[in-house]
Amino acid sequence: MDSSSAAMDALLKQFERLQRPIDLVQTLHESQVKEVPARYILPSNRRPSRPLQVQQALPVIDLAGLEDIDQRFKTVRQLAQASQEWGFFQIINHGIPLSLLESVKRVSQDFFDLPLEEKRKQCPVRPGTNMLEGYGRFFDISDDTVLDWVDALVHYIFPQWAKAVEHWPKTPSTYRETYEKYGEEVMGLIEKLLGLLSEGLGLDPNYIQILNKEPLVELRINYYPPCPQPDMVNGLKPHSDPNMLTVLLDDGVEGLQVRKDEDWLTVPPVPGALIINIGDMLQIISNGKYKSAEHRAVVNTNQNRMSIVMFLSPQDDVLIDAAPELIDEGHPSLYKAVKAGVYGTVYMSKDLRGKGAVNDLLIE
Ligand SMILES: O=C(O)CCC(=O)C(=O)O
Ligand SMILES: [Fe+2]
């Protein structure tokens with residue numbers, strides 16, 4: 001793997017490229033382009049096939065009643081099974097008030113509804129703590145990179161030293177307080193889930209949580225406007241998430257697809273649910289038992305879609321390695337150990353590439 005300083009240089013080069021005046025996709029949509037510009041068009045063998053694949057529901061797991069020991073045991077089993085077979089699941093009765101989820105969606109939409117220059121002024125793209133932050137396009141690595149049909153707003157939510165609230169949107173005026181509140185709720189939920197997921201591996205319930213002491217939490221709001229030729233583009237290229245655990249809130253519009261074996265399955269939105277996925281780091285810690293599923297976003301001709309995604313990662317100097325309890329003669333370590341910060345920076349310095357980043361760590 002590249003050294004992290006080479007990856008950091010690549011990230012800064014990307015930052016320079018992002019200064020070039022290329023229309024964002026929301027602008028392309030608003031100017032009613034009839035054809036997608038060349039830089040977004042995928043080679044024919046990489047285009048998402050149409051119509052959208054048959055829907056097969058992701059596991060929907062109910063988090064109610066965990067005080068009851070039998071119920072808790074059942075939930076642990078369901079979560080472990082979903083993490084092994086899918087790496088993706090939806091949760092209901094997660095404890096986050098539905099009214100807060102609605103507010104989060106509203107303030108996010110209100111920000112994207114601002115004029116382009118206003119969004120740029122409030123949140124210019126900039127090198128942040130260990131990734132590029134702000135409003136704009138990302139993953140523009142070289143002139144050969146096919147761009148995704150998405151604009152995004154990216155900023156840290158936790159911890160205090162990384163989050164730089166002064167760079168969060170000022171408009172709407174309730175944006176900051178809404179995301180502060182949502183961030184706290186998501187942290188509580190993640191703590192609960194990591195305990196259950198540790199138990200599902202037969203580990204001490206605090207095992208994963210200890211690695212996540214004062215974690216980094218990053219927000220990415222993906223905004224996918226309608227596209228005149230949705231079959232030729234990706235909303236977001238196939239990838240697995242690099243971090244530990246991801247919490248995704250959708251706006252009820254279809255577009256997320258998860259790879260199961262050779263099929264791409266469309267995730268049907270479930271009102272009030274949150275979508276959870278296992279990231280590469282948890283795949284490594286569980287020595288491959290939990291899967292970081294490959295997923296992508298597709299777009300459509302007539303509807304905006306928004307996904308609000310929180311990525312939880314351990315601090316940069318935490319070593320990501322298989323839990324010793326999961327290693328024995330029959331189950332040797334599958335992945336080389338890596339510092340969380342190095343893995344994250346290397347991942348962000350390249351284009352999205354399926355499960356390429358975690359596969360690079362496989363021990364031969
Ligand atoms: O828009 C979606 O549903 C997928 C978003 C996603 O995978 C990401 O931001 O990493
Ligand atoms: Fe993702």
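In listed order, ligands and their atoms are each counted from 1.
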Student: Taking the Fe ion (ligand 2) as the reference point, name the nearest N/O/S atom of Asp241.
Tutor: OD1
Student: To the nearest 0.1 Å, how far is atom 8 (C) of ligand 1 from its closest protein heavy atom, and which atom is that?
Tutor: Leu236 CD2, 3.5 Å
Student: Please confirm whether Lys119 makes a cation-pi placement over Phe112, using NZ or CZ under 6.0 Å from the six-membered ring centre and within 45° of the ring normal.
Tutor: no
Student: Heavy atoms only: give me the nearest Ala162-Leu216 pair and the separation to one decimal.
Tutor: CB-CD2, 4.1 Å
Student: Using a 4.0 Å cutoff against the non-hydrogen atoms of Leu248, which atoms of ligand 1 qualify?
Tutor: 2 (C), 3 (O), 4 (C), 5 (C)
Student: Would a hydrophobic clustering, with Ile, Leu, Val, Met, Phe, Trp and Tyr connected at side-chain separations under 4.5 Å, put Leu201 with Phe73?
Tutor: no
Student: Of the choices Arg296, Glu218, Arg220, His239, which has the non-hydrogen atom that lies closest to atom 10 (O) of ligand 1?
Tutor: His239
Student: Can you tell which of Leu236, Val25, Asn300 makes a side chain to side chain contact (heavy atoms under 4.5 Å, CB included) with Tyr224?
Tutor: Leu236
Student: Do Tyr40 and Cys227 touch side chain to side chain, with heavy atoms closer than 4.5 Å?
Tutor: no
Student: Provide the number and element of each atom of ligand 1 under 4.0 Å from a heavy atom of Leu256.
Tutor: 3 (O), 4 (C)
Student: Can you check whether Thr171's main-chain N or O pairs, donor with acceptor, with Gln122's side chain at less than 3.5 Å?
Tutor: yes
Student: Checking a contact table here: which protein heavy atom is nearest atom 2 (C) of ligand 1, and how many Å away?
Tutor: Ser307 OG, 3.4 Å
Student: Check each atom of ligand 1 against the heavy atoms of Phe311 and keep those under 4.0 Å away; list them by number with element.
Tutor: 8 (C), 9 (O), 10 (O)
Student: Name whichever N, O or S atom of His239 ends up nearest to the Fe ion (ligand 2).
Tutor: NE2
Student: Without swapping roles, check the side chain of Arg72 against the backbone of Glu67 for a donor-acceptor pair under 3.5 Å.
Tutor: no
Student: Are Leu42 and Val299 co-members of a hydrophobic cluster defined by side-chain heavy atoms under 4.5 Å apart?
Tutor: no
Student: For atom 3 (O) of ligand 1, which protein heavy atom lies nearest, and how many Å away is it?
Tutor: Arg305 NH2, 2.8 Å
Student: Which atoms of ligand 1 sit under 4.0 Å from any heavy atom of Tyr224?
Tutor: 1 (O), 2 (C), 4 (C), 5 (C)
Student: Starting from atom 9 (O) of ligand 1, what is the nearest protein heavy atom, named by residue and atom, and what distance separates them?
Tutor: Asn222 ND2, 3.0 Å
Student: Answer yes or no for Lys291 and Trp86: cation-pi contact, defined as NZ/CZ to six-membered ring centre under 6.0 Å and angle to ring axis within 45°.
Tutor: no
Student: Short list, please: which atoms of ligand 1 are under 4.0 Å from a heavy atom of Val309?
Tutor: 9 (O)
Student: Which bit of Asp241 is near ligand 1, meaning a heavy atom under 4.0 Å away: side chain, backbone, both or neither?
Tutor: side chain
